[in-house]
Amino acid sequence: MRYLITGGAGFIGSHLTEHLLARGDEVVALDNLSTGTLDNLTGVAGHPGFRFVRGSITDPNAVESCMAGIDAVFHLAAAVGVFTILDKTMDSLRTNLHGTENMLDAALRHDVPILVASTSEIYGKNTADGLREDDDRIIGSPLKNRWSYAEAKALDETFAHLYAVEHGLRTVIVRPFNTVGPRQTGRYGMVIPRFVTQALAGEPITVFGDGQQTRCFCHVHDVVPALADLLADESAYGKVFNLGSNEQTTISQLAERVIGATGSSSTITKVPYEEAYGDGYEDMQRRIPDCTRAYNQIGFVPTRSLDDIIAAVVADRRS
Ligand code: UDP
């Protein structure tokens, strides 16, 4: 198979590229290197089955130039990270809306299946114990910039759904819950690489808010095979799947575990949300996935624990 991966130089995209090449597939990676980097692709540079194209998903010509001979598309490219969304809200919104529309158009024109990466953020402030794919979204004001990412991704899902229903496009939508692992950078906000980098430098670990908010982190090596399995499974088309772990931690506990894993002398500092993200920021207090649907579809069960994830990120940062 020959796959197009948008966001192929990003954190998840580069791991997916390696996974597909290792099993004998070919990959074209399209990336504008806004948050992705060629450093993520050093392991596959020069591979005969791999081609990198620098370009944006918002440019239909760049997209079209990648589509020749493609059998299926993983659409992972997006403006990501809370800091990115708050710093460049309008650009991010445009990328995440128009870029996805372009990719759906291209997949339809070439009659190939497409996996659309959405996000667990679309559930917003719904704190249900095990969020299911059909659960309601509880989202703050559209004038609060934080929610613009969730809003764009929700519309992307609706677009994908309508392309499937009205045009017969073969689509799969996935909602990853806090995917983490080697190569993820903390520069755009993601908490585990930030805490590990702070701990290794002996700097204070910055816990935002009261630290009682919870998350479930999932190793990228558990997520990537699931992406490949879902796009290969025709009976998954037209559906949406959560992908995540159900091992919960508060962010304060996470900070302590990172200190323990690194042997760091760092202290923990609580930073008010306004200071971290600006006025009017709203966080999700709890976000736990129910992945029964992905389990029933492809046998999805994450095998790496939070300790495994922290150890992997520490090893990555140390190297
Ligand atoms: N967070 C934190 N310190 C940081 C970065 C993030 O306490 O330096 C918090 C953040 O406010 C949120 C959680 O960690 O409650 C997860 O943040 P991340 O941006 O990784 O993911 P998301 O908010 O999208 O779940």
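Values reported hereafter were calculated over all heavy atoms of this structure, with side chains retained and with hydrogens, waters and symmetry mates removed. Numbering of residues begins at 1 and proceeds along the displayed sequence. Atoms within each ligand, like the ligands themselves, are counted from 1 in listed order.
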Quiz prompt | Side chain, backbone, both or neither: the part of Asn178 lying under 4.0 Å from ligand 1 by heavy atom | solution = side chain
Quiz item: Quick one: do Glu234 and Arg170 make a salt bridge, cutoff under 4.0 Å?
Solution: no
Practice problem: Give the residue and atom name of whichever protein heavy atom lies nearest to atom 4 (C) of ligand 1, and the separation in Å to one decimal. | Solution: Phe208 CE1, 3.3 Å
Exercise. Starting from atom 10 (C) of ligand 1, locate the nearest protein heavy atom and write down its residue, its atom name and how far away it is, to 0.1 Å.
Key: Tyr277 OH, 3.2 Å
Quiz item: Between Glu121 and ligand 1, which residue portion shows a heavy-atom distance shorter than 4.0 Å: side chain, backbone, both, or neither?
Solution: side chain
Quiz item: In terms of hydrophobic clusters joined by side-chain contacts under 4.5 Å, are Leu30 and Leu104 together?
Solution: yes
Quiz item: Of all the atoms in ligand 1, which lie at a distance below 4.0 Å from a heavy atom belonging to Gly189?
Solution: 5 (C), 6 (C), 19 (O)
Self-check item: Tyr273 and its side-chain hydrogen bond (donor to acceptor under 3.5 Å, both in side chains) partner, picked from Asp210, Asp283, Asp279
Solution: Asp283
Quiz item: Should one rank Thr197, Val191, Val180 by closest heavy-atom distance to atom 18 (P) of ligand 1, which comes out on top?
Solution: Val191
Quiz item: Based purely on interatomic distance, does Asp283 place a nitrogen or oxygen under 3.5 Å from a nitrogen or oxygen of ligand 1?
Solution: yes
Self-check item: Minimum-distance protein heavy atom relative to atom 3 (N) of ligand 1
Solution: Thr206 O, 2.6 Å
Quiz prompt | Any N/O pair Arg215/ligand 1 closer than 3.5 Å | solution = yes
Quiz item: Does the side chain of Leu20 reach to within under 4.5 Å of the side chain of Phe74, using non-hydrogen atoms?
Solution: yes
Exercise. Compute the minimum heavy-atom distance from Arg287 to ligand 1 and say whether it is under 4.0 Å.
Key: yes
Self-check item: Distance filter under 4.0 Å to Val207 heavy atoms, resulting ligand 1 atoms
Solution: 7 (O)
Exercise. Sort and list the pairs that fulfil side-chain hydrogen bond (donor to acceptor under 3.5 Å, both in side chains) and have at least one residue in residues 70-83, not counting sequence neighbours.
Key: Thr6-His75, His75-Thr100
Quiz item: Taking the inter-plane angle between the rings of Phe11 and His15 on a 0 to 90° scale, is it parallel (under 30°), tilted (30 to 60°) or perpendicular (over 60°)?
Solution: perpendicular
Quiz item: So Phe208 and Tyr277, would you call those rings parallel, tilted or perpendicular, with 30° and 60° as cut-offs?
Solution: perpendicular
Practice problem: Look at the rings of Tyr163 and Phe159 and say which category their plane angle falls in: under 30° parallel, 30 to 60° tilted, over 60° perpendicular. | Solution: perpendicular
Quiz prompt | For Gln213, atoms of ligand 1 separated by under 4.0 Å from a heavy atom | solution = 11 (O), 15 (O)
Quiz item: Taking both backbone and side-chain atoms of Arg194, is any N or O found less than 3.5 Å from an N or O belonging to ligand 1?
Solution: yes
Quiz item: Do any N/O atoms on Ile251 end up under 3.5 angstrom from N/O atoms on ligand 1?
Solution: no
Quiz item: Do Phe50 and Leu41 come close enough that some side-chain heavy atom pair is under 4.5 Å?
Solution: yes
Quiz item: In terms of atom number and element, which parts of ligand 1 are under 4.0 angstrom from non-hydrogen atoms of Met190?
Solution: 20 (O)
Quiz item: At a non-hydrogen distance cut-off of under 4.0 Å, which region of Gln212 contacts ligand 1 (side chain, backbone, both, or neither)?
Solution: neither
Exercise. Count the heavy atoms belonging to other residues, nucleotides or ligands that lie under 6.0 Å from NE2 of His110, then report whether that count exceeds 12.
Key: yes
Quiz item: Going by the order shown, which atoms of ligand 1 are within less than 4.0 Å of some heavy atom of Arg146?
Solution: 23 (O), 24 (O)
Quiz item: Got a sec, which pairs hit side-chain hydrogen bond (donor to acceptor under 3.5 Å, both in side chains) with one end in residues 309-319, sequence neighbours left out?
Solution: Thr197-Arg317
